[in-house]
Participant: 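Got a structure for you, written out below as structure tokens; questions coming shortly.
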There are 2 protein chains.
Amino acid sequence: MAMVASKPLRTRRKMQRVTIMDVAARAELSPSTVSLYFRKPDAVSAAASEAIARAIEALDYVPNLMAGGLAAASSRVVSIIVPSVRNAFFAETVTALQDELGKQRLQVMLSHTEYKEHDEENLVRTALSWAPAAVVLTGLSHSAATRRLLRDSKVPVVEIWELGSPTMDMAVGFHHDQVGHAAASHLLQRGRKRLLFLGARLHEDRRAARRAQGFVEAARNAPDVTAEIIQHPAPASAEVGAMLLGEALHRFPNVDGIACSNDHIALGVIFECQRSGVAIPERLSVMGFGDLSFSAAANPSLTTIRPPGDLIGKEAARLIIARLAHLGAEPEQAVIDTRFTLLHRQSS
Amino acid sequence: MAMVASKPLRTRRKMQRVTIMDVAARAELSPSTVSLYFRKPDAVSAAASEAIARAIEALDYVPNLMAGGLAAASSRVVSIIVPSVRNAFFAETVTALQDELGKQRLQVMLSHTEYKEHDEENLVRTALSWAPAAVVLTGLSHSAATRRLLRDSKVPVVEIWELGSPTMDMAVGFHHDQVGHAAASHLLQRGRKRLLFLGARLHEDRRAARRAQGFVEAARNAPDVTAEIIQHPAPASAEVGAMLLGEALHRFPNVDGIACSNDHIALGVIFECQRSGVAIPERLSVMGFGDLSFSAAANPSLTTIRPPGDLIGKEAARLIIARLAHLGAEPEQAVIDTRFTLLHRQSS
DNA sequence: GCTCAAGATAATAGCGCTATTATGTAGCTG
DNA sequence: CAGCTACATAATAGCGCTATTATCTTGAGC
């Protein structure tokens, strides 16, 4: 007798979690209306809204964003992949992104490659597992597989902190070779002729490498000027800067102008010059990149180039929000050049 | 005639997304087995595993973690809430957490309060919307509502970067008053008697405030020693440090020992001393907190106290992973004191 | 009074996966 | 060779929400 076959053996944890149904029951409305209350508050009457708000309050309801994301086939997560969180530049951008996106109730999921571009593909794959509303990547060089994954997923993509090569979708940043140019021009203008670029980890940090390249290129276009690059494989730090200055003075005793791949290096150069009695800027002009928090307060204060990390984050967020607002429409490409600023201070 | 009533009007986007069913079909297995392949690879035969792997590869399958999380009633997300990402301390911890958790395929979702404790509750609420596997909070002071939310949710909680008050669940960090004590002891040992603590944003940064308090307490316990706190409302920076030193010399002309709430402040103090011709350490001993990347390279190199930011992240991750492994078992409280290290350098 | 539009609310069928249970298939034992 | 166990695979019923469609209510217009 097959009659008894389907006893409801189904226990399943049936958590006593508060759901949208509980809220609906308490507000004496249907779950649909409660859902609408969250998604399109204007479509719900004032009376209903109030009842729902009261029920939420009373039950301490916390919506389940995974259920929502699954049903809607897209989450309110924006996945951001940067080389490193410890880098003050990216930290600034991430903070701005988080603030701006947060206003639209978009969540940030952050990952970092530690400058191993090879990992990016896996991070993107994981990111896509959350059906993100958008993905933010750093720089413009990505593996073919990464590009394919993103293209197929049709997720909006913003590439930040670099312009130059073709972009996948949207981009916000500036041209790093122009930074190098600007640095060289500045030193030339100060009458410097024997120039050096001190860099850290240039083989991994492509953007720093492009700055170095732009620097040398611009310098060598000027008459009677020499320009070289000295680099160190370790991440940028004041310690590395001090070492690089030692090497610089040793190999190029009459160097008179130095541009550093970032302010940490420049800080180390300043300290080392103090120790070895090299007068800045009299004998040696020094400039950095980043305008980190200590740069203005240094002794001498540091001439540097300020990348608009905050603005990059804000603009990227703006592009994402705009794109999400017109999801149906033909996506328009957007490339925003945020430029950068040279801050002339005492060290040059 | 009611017969036609339920035409399948249901179109619904039916994305052509690749699902676990597609993988199963291609591997000629059931979806259950494919799911098992992801969750408990050992339970699947070698032959089946291989077929599944091939199908995944061929279809470029990306699992939908939201569907998984919904079905499993818990996600592989660990939500981390720190005061600020721009702060090098927390950046280090977050990086370590991300690395360690990543090894277990746990994702980090990061938020920041910008030192507005009031926001924490909202962030926790949002975090819980993702049914996270664990929540990491900074510090020990949280609103009653926050505590209730977390308690009710039964999610593992780790509080980091501070010990002292009672903890909610697990905690990893150190005692900030002990840092203050250690700093005072060090300066006393160097024969200093007129001590100052220079701090930034002490009303918001409770941990810095506790360091200040510990410092003054320890100093005043010694005979013939005076100790005061001077503070500035802005976030810590070298600029603020320089200003604070100015104020310090003005108000306490015979100060001979200074502890700063962090290395940025101390760096500003060093620069300002250089400018005003105050000899460090001859006339004035200076110490910081943080051992930031420039501290060892400074001129003079900076005596400082190093908080184990990396270790805190690693230990927190370890606790979380251990807890998740024994989810059934009675959760055991864990409080880990990571201590800190005083690094004696030239500035004192 | 009746139609119609606009506005508000409700009913319904999944979203893609996992947990649980059920079924099949060897490989032993005595 | 029945009877059992261990292992491998499959069937099933949701998880909590949203999108879509359907229904109900109201008030205006004639």
Side-chain angles (χ1 to χ4, degrees), chain A residues 4-25 27-52 59 61-76 128-131 327-328, chain B residues 4-25 27-49 51-52 59 61-76 128-131 327:
Chain A
V4 196
S6 57
K7 261 194 293 180
L9 300 173
R10 197 61 26 163
T11 315
R12 198 89 183 250
R13 77 254 97 144
K14 199 58 188 171
M15 306 268 292
Q16 78 286 40
R17 197 186 204 288
V18 177
T19 74
I20 205 172
M21 316 244 301
D22 300 316
V23 174
E28 302 191 300
L29 289 161
S30 73
S32 306
T33 307
V34 178
S35 174
L36 213 54
Y37 167 84
F38 284 114
R39 293 174 295 118
K40 297 175 182 168
D42 295 339
V44 178
S45 72
S49 290
E50 209 174 307
I52 293 171
L59 298 174
Y61 170 65
V62 176
N64 183 329
L65 258 24
M66 292 194 296
L70 177 60
S74 142
S75 67
R76 297 191 67 80
L128 291 178
S129 299
W130 290 98
L327 255 193
Chain B
V4 196
S6 58
K7 260 193 294 181
L9 299 174
R10 197 62 26 166
T11 316
R12 198 90 184 248
R13 76 253 98 144
K14 197 58 187 170
M15 306 270 292
Q16 78 287 43
R17 199 186 204 287
V18 177
T19 74
I20 205 172
M21 317 245 301
D22 300 315
V23 174
E28 302 190 301
L29 289 161
S30 74
S32 306
T33 308
V34 178
S35 175
L36 212 55
Y37 167 85
F38 284 114
R39 292 174 296 117
K40 297 175 181 167
D42 295 339
V44 178
S45 72
S49 291
I52 293 171
L59 298 174
Y61 170 64
V62 176
N64 184 329
L65 258 25
M66 292 194 298
L70 178 59
S74 140
S75 68
R76 297 192 66 79
L128 291 178
S129 299
W130 290 99
L327 255 193

Participant: Where the side chain of B/R39 is defined as all heavy atoms beyond and including C-beta, which of C/dT18, D/dA19, C/dT9 is the nearest nucleotide?
Facilitator: C/dT18
Participant: Whether B/S35 contacts C/dT18 is assessed here as follows: a side-chain N or O lying under 4.0 Å from the phosphate OP1 or OP2. Is that the case?
Facilitator: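 Answer is yes, contact under 4.0 Å.
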Participant: Can you check whether B/S32 has a side-chain N or O nearer than 4.0 Å to OP1 or OP2 of C/dT18?
Facilitator: no
Participant: Across the strands shown, which category fits A/P31 at heavy-atom distances under 4.0 angstrom: base, sugar-phosphate, nothing?
Facilitator: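 No contact.
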Participant: Can you tell me the distance, in whole Å, between the CZ atom of B/F38 and the P atom of C/dT18?
Facilitator: 8 Å
Participant: For B/A67 and for B/E28, find the nucleotide of DNA chain D with the closest heavy atom, then tell me which residue's nucleotide is more 5'.
Facilitator: B/E28
Participant: Can you measure A/L36 atom CG to C/dG7 atom P for me and round it to whole angstrom units?
Facilitator: 14 Å
Participant: Looking at B/W130 and B/S75, what are the two nearest heavy atoms and their distance?
Facilitator: O-OG, 2.9 Å
Participant: At their closest point, which heavy atom of B/A73 faces which heavy atom of B/A131, and how far apart are they?
Facilitator: O-CB, 4.4 Å
Participant: Any non-hydrogen side-chain atom of B/R17 less than 4.5 Å from a side-chain atom of B/N64?
Facilitator: yes
Participant: What is the distance from CG of B/L65 to P of C/dC17, rounded to the nearest Å?
Facilitator: 10 Å
Participant: Check this one for me: any side-chain N or O of A/S30 less than 4.0 Å away from OP1 or OP2 of C/dA10?
Facilitator: yes
Participant: So if I take every side-chain heavy atom of A/L70 and compare against D/dT9, C/dA10, C/dC15, which nucleotide ends up nearest?
Facilitator: C/dC15
Participant: Whole angstroms only, please: what is the CG-P distance between A/D22 and D/dC15?
Facilitator: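 Rounded to the whole Å, the gap is 12 Å.
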Participant: What does A/Y61 touch in the nucleic acid at a heavy-atom separation under 4.0 angstrom: a base, only the sugar-phosphate, or nothing?
Facilitator: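 Since only primed, P, OP1 and OP2 atoms lie under 4.0 Å of A/Y61, the category is sugar-phosphate.
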Participant: Could you state the NZ-P distance from B/K40 to D/dT9, rounded to the nearest angstrom?
Facilitator: 15 Å
Participant: Give the rounded distance in Å between these two atoms: CE of B/M21 and P of D/dT12.
Facilitator: 13 Å
Participant: So, does B/S35 use its side chain to make a donor-acceptor pair with the main chain of B/P31 at under 3.5 Å?
Facilitator: no
Participant: For the pair made of OH in A/Y37 and P in D/dG16, what is the distance, rounded to whole Å?
Facilitator: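 Distance, rounded to whole Å: 21 Å.
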Participant: How close or far is atom P of C/dG14 from atom CG of B/N64, stated in whole angstroms?
Facilitator: 18 Å
Participant: Does any donor atom in the side chain of B/S30 or B/T33 lie under 3.5 Å from an acceptor atom in the other side chain?
Facilitator: yes
Participant: Compare the minimum distances between each of D/dA10, C/dC17, C/dT9 and the side chain of A/L29, then state the nucleotide with the smallest one.
Facilitator: C/dT9
Participant: Among C/dA10, C/dT18, D/dA10, find the nucleotide with the atom closest to the side chain of B/A71.
Facilitator: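 Looking only at side-chain atoms, B/A71 lies closest to C/dT18.
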